[in-house]
Amino acid sequence: MRTALFSLVFCLVLFQTATAQTAKPVSDPVELVNVLMGTDSKPSLSNGNTYPAIALPWGMNFWMPQTGRMGDGWAYTYAADRIRGFKQTHQPSPWMNDYGQFAIMPVTGKVRFDENERASWYSHKSEVAKPYYYRVYLADHNITTEIAPTERAARFRFTFPQTDSASVVIDALDKGSFIKIIPGENKIIGYTTKNSGGVPANFRNYFVLIFDKPFTFRTVFHDKKADQQVLEFQADHVGAVVGFKTRKDETVNVRVASSFISPEQAELNLNEIGSDPFETVKQKAKAAWNKELGRIAVEGGSVDQTRTFYSCLYRSLLFPRKFYEIDASKKVVHYSPYNGQVLPGYLFTDTGFWDTFRSMFPFLNLMYPSLNVQMQEGLANAYKEGGWLPEWASPGLRNTMIGSNSASIVADAYLKGLRGYDINALYEAVLKNSENEGPLDAVGRRGVSYYNKLGYVPYDVKINENAARTLEYAYADFTIYQLAKALKRPQAEIDRFAKRSQNYRNLFDPATGLMRGKNEDGSFQKPFNPFKWGDAFTEGNSWHYTWSVFHDVQGLVGLMGGPQKFVAKLDSVFTLPPVYDESYYGSVIHEIREMQIADMGQYAHGNQPIQHMIYLYNYAGAPWKTQYWVREVMNRLYLPTPDGYCGDEDNGQTSAWYVFSALGFYPVCPATDQYVLGAPLFKKATLHLENGKKLVINAPTNSGPNRYVDAVKLNGKPHPANWLSHRVLMQGGTVDFTMKATPNQQRGTKPDAYPYSFSTENR
């Protein structure tokens with residue numbers, strides 16, 4: 001017993017030492033990424049709801065090991081113990097599910113096509129998962145599988161035992177598929193149509209596989225039946241099995257690519273590999289990741305902090321994915337999920353603006369602006385092809401979430417200097433949104449006629465989540481106001497959106513000091529429970545949505561009775577118990593449970609509406625409270641582990657929050673020039689900006705206890721403001737933070753230090 005106790009204590013000491021030790025300067029950041037961060041999730045509790053995406057940054061195709069059943073959005077879960085196949089995936093989240101998907105699985109022994117029969121036990125101990133490389137041992141088949149990706153293709157390498165019954169399954173999945181075996185070319189082609197929505201009737205994902213070894217056996221499967229008499233078949237569910245005789249440790253290599261355009265384009269996409277052997281593809285993929293991850297170099301944090309940072313940065317570089325291809329004449333073309341045509345130009349997809357307008361797209365504007373220029377062109381193409389801006393695209397219009405947050409995406413990019421795309425088409429699109437309901441509830445603005453007439457969407461007119469819609473529309477109108485000024489639009493138009501941006505005031509209830517649904521006759525909803533999730537709000541309650549006045553925090557401060565009462569209200573979020581009313585949903589949704597178990601009161605960082613709230617202390621003379629809570633959230637709610645997130649990661653948004661916060665600032669209000677200060681996590685961070693400039697963030701006295709900002713200098717001069725300018729940061733230079741263990745309650749406490757608010761714009 002003593003020996004066991006000593007061993008346990010010794011191991012704990014070693015673990016604490018490893019996690020607390022200071023990381024060295026990073027030279028190979030991709031090796032610090034844990035692609036399994038967030039994979040220990042399930043529908044009732046999300047620790048990220050991620051999967052290991054084996055891909056290139058923003059790649060058109062991702063690959064993943066598939067542990068879940070066909071059609072299960074939780075296609076890979078850390079707790080699973082069997083792999084059913086290796087799936088090409090375009091899934092942005094389990095809630096949205098997948099499209100453009102098919103699976104490959106090596107087996108030995110009898111021919112098996114069914115996903116349960118072919119599945120194999122595996123262990124994480126024999127799994128290597130990197131952004132650029134995946135390797136796993138399939139115990140039931142005595143096979144090692146390896147994957148190395150390009151943007152639209154991948155190389156597989158299977159290491160077989162000695163056997164005359166080695167085979168590879170290609171499963172084109174159900175809901176309509178086609179397969180063809182071409183033995184003379186060691187080739188298989190086909191298409192899959194399986195999707196979860198957002199596609200036109202002619203949607204197909206065409207694929208091609210070329211093996212480096214002739215087939216000794218082949219059969220086509222259709223509707224679970226083997227058929228050796230045919231080489232091709234089209235049905236609801238088809239696939240193929242091809243077999244080989246192999247020596248001990250013999251490798252069978254497969255080059256695979258796909259296209260949304262045509263079989264011929266799939267073969268063109270295979271040229272991304274060309275004649276490169278597996279190791280070359282792997283090293284090129286690694287170099288691509290290091291190039292993008294290496295734009296930010298952090299040092300002076302713990303090993304776990306550094307791993308978390310680069311794991312979050314990896315997630316921030318996956319979505320929105322490229323949905324375009326390069327044709328035979330080297331031109332950029334895309335299949336349009338909006339009208340089913342093949343058209344010139346860029347297109348990106350798999351992002352929900354309700355999530356990503358907050359920090360994901362501002363992060364692109366800071367670090368990857370030329371890529372966002374292409375994304376803005378793609379957004380203009382989406383509007384031209386479908387008639388509406390997508391608020392959630394996967395790959396086309398999806399009917400989920402609320403708001404018209406595309407306005408923020410468009411305005412923030414243009415106002416931060418991005419050019420070279422059709423801004424006039426995009427402005428036309430946001431204007432259309434501001435006056436019209438769309439073909440889906442989540443497109444255009446549901447309840448817009450009420451909103452434009454009354455200044456809010458009423459609670460009692462059978463429009464769900466009406467208060468959340470009002471608040472988000474008001475912020476979107478502010479972004480349109482900002483963009484209209486920049487484009488020198490007519491003054492009446494500018495004034496219209498300036499006025500509408502104040503519509504948030506219509507929902508403020510002085511009796512409770514919170515936002516509250518309002519009826520068409522002007523009375524507030526009754527009864528009112530500020531802890532009720534849903535109903536007037538979206539995936540949250542009034543305590544979460546009251547702060548959704550990104551553009552006019554001073555206006556909200558005034559409504560609440562001044563800075564002291566505002567700060568007290570912010571404090572209450574953390575001191576209230578995590579009580580909730582789930583009656584609107586009929587059960588406890590996972591977002592509620594994640595708030596409940598976080599031990600931060602009503603603060604629900606696992607969902608997006610409140611993620612900016614911590615930074616609002618800067619607007620009311622208590623910036624040290626921002627500094628405290630930012631560090632608390634980073635320390636307690638993020639880890640580089642399979643359970644490392646505190647809710648849905650959501651296409652880079654929750655990760656981008658961490659990346660920004662670790663650097664020491666955050667874009668509370670996209671479509672302004674400002675980042676609001678927090679507290680940096682590392683002793684030093686170097687941002688290699690795309691324009692060739694270098695921004696260095698120094699905090700040499702930073703440590704666990706030293707979480708408070710005592711002083712800030714910008715390019716050697718004292719910087720008393722609680723914000724930094726995007727324009728200034730883009731010129732490069734240095735930001736120096738002096739950190740200490742006790743808060744400086746004098747710095748940043750006067751109104752001239754506060755960040756932008758619409759109400760004080762012209763004072």
Side-chain angles (χ1 to χ4, degrees), residues 26-30 33 55-59 131 151 284-299 309-310 312-322 324 332 346 348 351 356-357 359-380 408-421 423 426 486 652-653 655-667 670-675 680 682 684-698 714-715 724-735:
V26 176
S27 59
D28 200 9
V30 72
V33 172
L56 262 58
W58 307 287
E151 287 188 341
K284 284 184 176 180
K286 179 178 181 177
W289 274 108
N290 271 336
K291 176 185 175 184
E292 304 302 347
L293 294 168
R295 298 273 194 99
I296 304 178
V298 298
E299 53 189 280
F309 180 86
Y310 283 107
C312 286
L313 185 53
Y314 151 79
R315 285 289 306 178
S316 301
L317 305 183
L318 290 173
F319 301 101
R321 79 170 72 251
K322 296 174 180 177
Y324 65 86
V332 173
Y346 292 103
F348 292 76
T351 188
T356 54
F357 86 83
S359 65
M360 181 65 255
F361 274 88
F363 179 67
L364 294 175
N365 290 332
L366 177 67
M367 294 304 302
Y368 305 92
S370 64
L371 179 74
N372 201 15
V373 167
Q374 296 175 2
M375 292 176 181
Q376 296 297 315
E377 179 186 325
L379 199 54
S408 177
I409 304 294
V410 171
D412 194 51
Y414 190 82
L415 293 164
K416 286 178 177 167
L418 277 61
R419 298 293 186 272
Y421 53 91
I423 186 60
L426 289 174
Q653 165 56 30
S655 289
W657 185 97
Y658 185 94
V659 172
F660 265 123
S661 296
L663 296 176
F665 52 89
Y666 185 79
T672 67
D673 180 62
Q674 296 181 358
Y675 303 101
F682 298 94
K684 183 178 182 181
T686 304
L687 283 61
H688 300 277
L689 302 176
E690 196 174 83
N691 60 11
K693 306 290 186 179
K694 186 165 67 174
L695 176 65
V696 179
I697 300 166
N698 292 310
L714 178 61
N715 295 325
L724 294 166
S725 161
H726 174 84
R727 179 184 57 80
V728 172
L729 294 186
M730 292 302 289
Q731 296 170 9
T734 59
V735 183

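Each residue takes its place number in the sequence, starting with 1.
- Residues satisfying the side chain to side chain contact (heavy atoms under 4.5 Å, CB included) test with Glu151, not counting sequence neighbours, are Leu56, Glu272, Lys322.
- Between Leu663 and Ala685, the shortest heavy-atom contact is CD2-CB, 3.7 Å.
- Considering all non-hydrogen atoms of both residues, Pro670 and Pro362 come closest at CG-CG, 3.8 Å.
- Atom CG of residue Leu318 and atom CE of residue Met360 lie 9.0 Å apart, to the nearest 0.5 angstrom.
- Every residue two or more places apart in sequence or in another chain that forms a salt bridge (charged side-chain N to carboxylate O under 4.0 Å, His left out) with Lys286 is listed here: Asp28, Glu31.
- For Tyr658, the side chain to side chain donor-acceptor pair (under 3.5 Å) test picks out no residue, with sequence neighbours left out.
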(message) As a quick check of understanding, evaluate ring pair (Phe, Tyr, Trp, His ring centres under 6.0 Å) for Phe319 and Trp58, giving each step before the final call.
(response) CA-CA 6 Å; Phe319 301 101; Trp58 307 287; over 10 Å; no
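- Heavy-atom minimum distance, Ala486 versus Leu415: CB-CD2, 3.7 Å.
- Legend: residues meeting side chain to side chain donor-acceptor pair (under 3.5 Å) with Gln376, ordered by chain and number and at least two apart, are Asn372.
- In this structure, the side chains of His688 and Thr686 come closer than 4.5 Å at one or more pairs of heavy atoms.
- You'll find the side chain of Lys694 reaches within 4.5 Å of the side chain of Val696, heavy atoms only.
- Between the SG atom in Cys312 and the CG atom in Leu317 there is a gap of 11.0 Å [rounded to 0.5 Å].
- Screening Ile296, Val735, Thr734 for a side chain to side chain contact (heavy atoms under 4.5 Å, CB included) involving Leu695 leaves a single residue, Val735.
- To the nearest 0.5 angstrom, Ile409 atom CD1 is 4.5 Å from Phe361 atom CZ.
- Arg295 places none of its side-chain heavy atoms less than 4.5 Å from the side chain of Leu687.
- With a 6.0 Å cutoff to the six-membered ring centre and a 45° limit on the axis angle, Arg321 does not count as a cation-pi contact of Phe348.
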(request) Show the numbers, then the answer: is there a side-chain contact (heavy atoms from CB on, under 4.5 Å) between Phe357 and Gln653? (result) CA-CA 8 Å; Phe357 86 83; Gln653 165 56 30; over 6 Å; no
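- From Leu729, atom CG reaches atom CG of Leu366 across 7.0 Å, with rounding to the nearest 0.5 Å.
- Not a single side chain to side chain donor-acceptor pair (under 3.5 Å) links Gln731 to another residue, sequence neighbours left out.
- Thr356 and Thr351 share a donor-acceptor pair across their side chains, judged by distance under 3.5 Å alone.
- To the nearest 0.5 angstrom, Leu379 atom CG is 15.5 Å from Tyr346 atom OH.
- Ring-plane geometry between Phe682 and Phe309 is classed as perpendicular, the angle between the planes exceeding 60 degrees on a 0 to 90 degree scale with a lower cut at 30.
- Remark: Glu377 engages no residue in a salt bridge (charged side-chain N to carboxylate O under 4.0 Å, His left out) (not counting sequence neighbours).
- Note on ring orientation: taking the six-membered ring where Trp is involved, the planes of Phe660 and Phe363 are perpendicular (angle over 60°, cut-offs 30° and 60°).
- One distance of note links CD of Glu292 with CG of Asn290; it measures 10.5 Å at 0.5 Å rounding.
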(request) With side-chain contact (heavy atoms from CB on, under 4.5 Å) as the test, would you mind laying out the steps for His726 and Tyr675 before giving the verdict? (result) CA-CA 7 Å; His726 174 84; Tyr675 303 101; 2.7 Å; yes
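- Proximity of Val298 to Tyr310: side-chain heavy atoms (C-beta onward) are separated by under 4.5 Å at one or more points.
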(request) Determine, step by step, whether Glu299 and Val26 satisfy the side-chain contact (heavy atoms from CB on, under 4.5 Å) criterion, reporting the C-alpha distance in whole Å, the side-chain angles of both residues, the deciding distance to 0.1 Å, and the verdict. (result) CA-CA 7 Å; Glu299 53 189 280; Val26 176; over 6 Å; no
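- The two residues Gly732 and Asn715 make their nearest non-hydrogen contact at O-OD1, 4.1 Å.
- Taking the six-membered ring for Trp and thresholds of 30 and 60 degrees, Tyr414 and Tyr421 have ring planes more than 60 degrees apart, a perpendicular arrangement.
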(request) Begin with the C-alpha distance, continue with both residues' side-chain angles, and end with the deciding distance and a verdict on side-chain contact (heavy atoms from CB on, under 4.5 Å) for Val33 and Trp289. (result) CA-CA 10 Å; Val33 172; Trp289 274 108; over 6 Å; no
(request) May I have the step-by-step check of side-chain hydrogen bond (donor to acceptor under 3.5 Å, both in side chains) for Gln674 and Ser725, ending in yes or no? (result) CA-CA 5 Å; Gln674 296 181 358; Ser725 161; over 6 Å; no
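- Contact detail for Ala671 and Ala411: the closest heavy-atom pair is CB-CB, 4.1 Å.
- Asn691 and Met730 make their closest contact through ND2-O, 2.7 Å (heavy atoms, listed as atom of the first residue, atom of the second, distance).
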